[in-house]
A.B. asks: 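Please read through the structure below; I'll follow up with questions.
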Amino acid sequence: MHFSAKLEEIAKAIEEMRIRGATPIARAVAEALTLEAEESRASTPDEFIREMDGAARRLLSTRPTAVSLPNAIRFVMLRVLSAYRNEASLDELRKTAIEAGREFLRRVDEAKKVIAKIGSRRIVSGDTILTHCNSSAVIAILTEAKRQGKDIKVIATETRPKFQGRLTAMQLAEAGIPVTLIVDSAARFFMKKIDKVFVGADAVASNGAVVNKVGTSMIALAAKEARVRVFVAAETYKFSPETIIGELIKIEERSPEEVAPRDFLERYPSISVRNPSFDVTPPDYIDLIITEKGVIPPQAAYLIIQSEISEVGYEDYMKYTTYLEES
Ligand code: RUB
């Protein structure tokens with residue numbers, strides 16, 4: 001495959017979770033493709049396309065669940081491939097890729113600001129909010145609510161096995177929001193004290209099911225039992241177009257050593273470990289999804305996907321979807 005050493009560095013950082021979370025992953029992917037185009041040494045349009053294609057495939061192979069990753073690639077590559085079909089020169093192709101990458105980043109940053117504003121309207125002074133894992137969209141909503149002078153408290157789950165909840169607790173504490181860290185299994189114990197649950201998303205399916213850090217679905221179940229409302233903060237680039245043609249979102253399974261230390265696993269070779277990184281919360285357990293296009297009931301997820309597709313045209317969109325699936 002043809003791509004640069006810098007792109008390989010970014011791909012490795014995503015694989016090893018030094019870059020993690022659906023939005024930071026999408027940003028890193030758009031930045032990597034922009035960089036690849038800027039520094040490409042290709043001397044013909046064909047060579048440039050091969051290089052960008054190799055880069056896209058390498059990025060795609062890093063983590064399978066966050067749909068923001070293929071969506072970021074699709075955003076850039078659909079525009080590059082369309083210019084290529086229209087016989088663009090090498091310089092024009094390079095420019096198209098760089099502009100598409102930058103436009104995607106601009107939209108990501110704008111979406112975050114809008115979600116923070118829209119989401120914060122759902123929070124009132126006195127609320128105690130439970131969150132799971134570390135979502136930049138949720139942090140943006142909570143810090144915006146705090147900035148508006150709302151007096152809120154947060155309970156953050158530690159989020160085994162990688163403890164992303166500690167990042168959340170740190171970021172909220174730095175923003176001056178009182179935060180209590182709990183073990184994941186204490187979520188139901190505290191549910192009576194919770195006014196609202198806010199979580200992020202790695203993917204939203206066309207039926208409104210939300211894929212997020214493993215444990216989210218149990219929290220949503222406990223919330224439903226206690227009649228606590230569940231809000232999901234998800235930018236539109238986390239909605240999965242593939243799910244409208246029946247594809248399932250792949251759930252990443254990570255190393256057993258994240259769950260138990262190597263010497264324990266070696267001492268008891270008959271013990272097997274499963275470590276799914278995400279789970280699926282059905283739409284019935286979600287009250288609202290907060291997107292930059294507005295707040296929607298999960299059942300309206302299909303409409304968001306449709307409007308994303310109509311921006312580039314159904315045929316091109318689906319053609320590239322098939323290409324992504326086959327690669
Ligand atoms: C991160 C995770 C986050 C979503 C949303 O999982 O589940 O809740 O990605 O994050 P991991 P954001 O740590 O395994 O990547 O709102 O920042 O996109």
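Order of listing sets the numbers, starting from 1, for every ligand and every atom in it.
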A.B. asks: At a 4.0 Å cut-off, with the gap strictly under it, does some heavy atom of Ala233 reach an atom of ligand 1?
C.D. replies: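 Not so, Ala233 does not reach ligand 1.
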A.B. asks: Between Ala88 and Leu93, what is the shortest heavy-atom contact and its length?
C.D. replies: CB-CD2, 3.9 Å
A.B. asks: Just let me know how Cys133 lines up against ligand 1, side chain, backbone, both or neither, with a heavy-atom cut-off below 4.0 Å.
C.D. replies: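 Answer for Cys133: side chain.
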A.B. asks: Pick out which of Thr23, Asn212, Asp202 makes a side-chain hydrogen bond (donor to acceptor under 3.5 Å, both in side chains) with Lys238.
C.D. replies: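 Result for side-chain hydrogen bond (donor to acceptor under 3.5 Å, both in side chains) with Lys238: Thr23.
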A.B. asks: Give the numbers and elements of all ligand 1 atoms closer than 4.0 Å to a heavy atom of Lys238.
C.D. replies: 12 (P), 16 (O), 18 (O)
A.B. asks: Does Glu110 come within less than 4.0 Å of Arg106, counting only side-chain N to carboxylate O?
C.D. replies: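 The answer is no: the pair does not qualify as a salt bridge.
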A.B. asks: Can a non-hydrogen atom of Glu252 be found less than 4.0 Å from any atom of ligand 1?
C.D. replies: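 The answer is no: ligand 1 sits nowhere under 4.0 Å from a heavy atom of Glu252.
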A.B. asks: May I ask you to check if Arg79 and Phe75 form a cation-pi contact, with NZ or CZ under 6.0 angstrom from the six-membered ring centre and within 45° of the axis?
C.D. replies: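 Checked: cation-pi criterion met.
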A.B. asks: Non-hydrogen atoms of Ala201 versus ligand 1: any pair closer than 4.0 Å?
C.D. replies: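 It does; at least one heavy atom falls under 4.0 Å.
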A.B. asks: Is it true that Tyr84 and Thr96 share a donor-acceptor pair across their side chains at a distance under 3.5 Å?
C.D. replies: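 Note: Thr96 and Tyr84 side chains miss the donor-acceptor criterion.
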A.B. asks: For the 3.5 Å polar cut-off, considering only N or O atoms, please tell me whether Ala22 and ligand 1 meet it.
C.D. replies: yes
A.B. asks: Which ligand 1 atoms does Arg63 reach within 4.0 Å, using its non-hydrogen atoms?
C.D. replies: 11 (P), 14 (O), 15 (O)
A.B. asks: With heavy atoms of Gln164 as the reference, note each atom of ligand 1 found under 4.0 Å away.
C.D. replies: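 Those atoms are 11 (P), 13 (O), 14 (O).
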A.B. asks: What do you reckon, does Glu235 have a nitrogen or oxygen under 3.5 Å from a nitrogen or oxygen of ligand 1?
C.D. replies: no
A.B. asks: Charged N to carboxylate O below 4.0 Å: is that the case for Glu9 and Lys12?
C.D. replies: no
A.B. asks: So, Ser120 and Lys150: side-chain donor and acceptor under 3.5 Å apart, yes or no?
C.D. replies: no
A.B. asks: Can you sort out which atoms of ligand 1 are near Pro24, meaning under 4.0 Å from one of its heavy atoms?
C.D. replies: 17 (O)
A.B. asks: If you have a sec, work out which protein heavy atom is nearest atom 7 (O) of ligand 1 and how many Å separate them, to one decimal?
C.D. replies: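 That would be Asp202 OD1, 2.8 Å.
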A.B. asks: Check whether Asp151 reaches the backbone of Ser125 with its side chain - one donor and one acceptor, N or O, closer than 3.5 Å.
C.D. replies: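 It does not hold such a pair.
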A.B. asks: Mark up the atoms of ligand 1 that fall under 4.0 Å of a heavy atom belonging to Gly21, in ascending order.
C.D. replies: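 Those atoms are 1 (C), 9 (O), 15 (O).
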A.B. asks: Measure from NZ or CZ of Arg267 to the centre of the six-membered ring of Phe264 and say whether it is under 6.0 Å with the direction within 45° of the ring axis.
C.D. replies: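 No cation-pi geometry.
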A.B. asks: Of the protein's non-hydrogen atoms, which lies at the shortest distance from atom 13 (O) of ligand 1, and what is that distance?
C.D. replies: Arg20 NE, 2.4 Å
A.B. asks: Assess the residue pair Asn134 and Gln171 against the criterion (side chain to side chain donor-acceptor pair (under 3.5 Å)); give the C-alpha distance rounded to whole Å, side-chain angles, the decisive distance to 0.1 Å, and a yes or no.
C.D. replies: CA-CA 9 Å; Asn134 178 248; Gln171 289 163 358; 3.0 Å; yes
A.B. asks: How close does the nearest protein non-hydrogen atom get to atom 6 (O) of ligand 1, and which residue and atom is it?
C.D. replies: Lys213 CE, 3.4 Å
A.B. asks: Provide, to 0.1 Å, the distance between atom 17 (O) of ligand 1 and the closest protein heavy atom, together with that atom's residue and name.
C.D. replies: Ser136 OG, 2.5 Å
A.B. asks: Please list the nearest protein heavy atom to atom 3 (C) of ligand 1 with its residue and the distance rounded to 0.1 Å.
C.D. replies: Asn212 OD1, 3.5 Å
A.B. asks: Any idea which protein heavy atom is nearest atom 16 (O) of ligand 1, and the distance to it?
C.D. replies: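 Atom 16 (O) of ligand 1 sits closest to the protein heavy atom Ser135 OG, 2.7 Å.
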A.B. asks: Are side-chain heavy atoms of Val197 and Ile129 found at a separation under 4.5 Å?
C.D. replies: no
A.B. asks: With backbone taken as N, CA, C and O and side chain as the heavy atoms from C-beta onward, which portion of Met17 lies under 4.0 Å from ligand 1: side chain, backbone, both, or neither?
C.D. replies: side chain
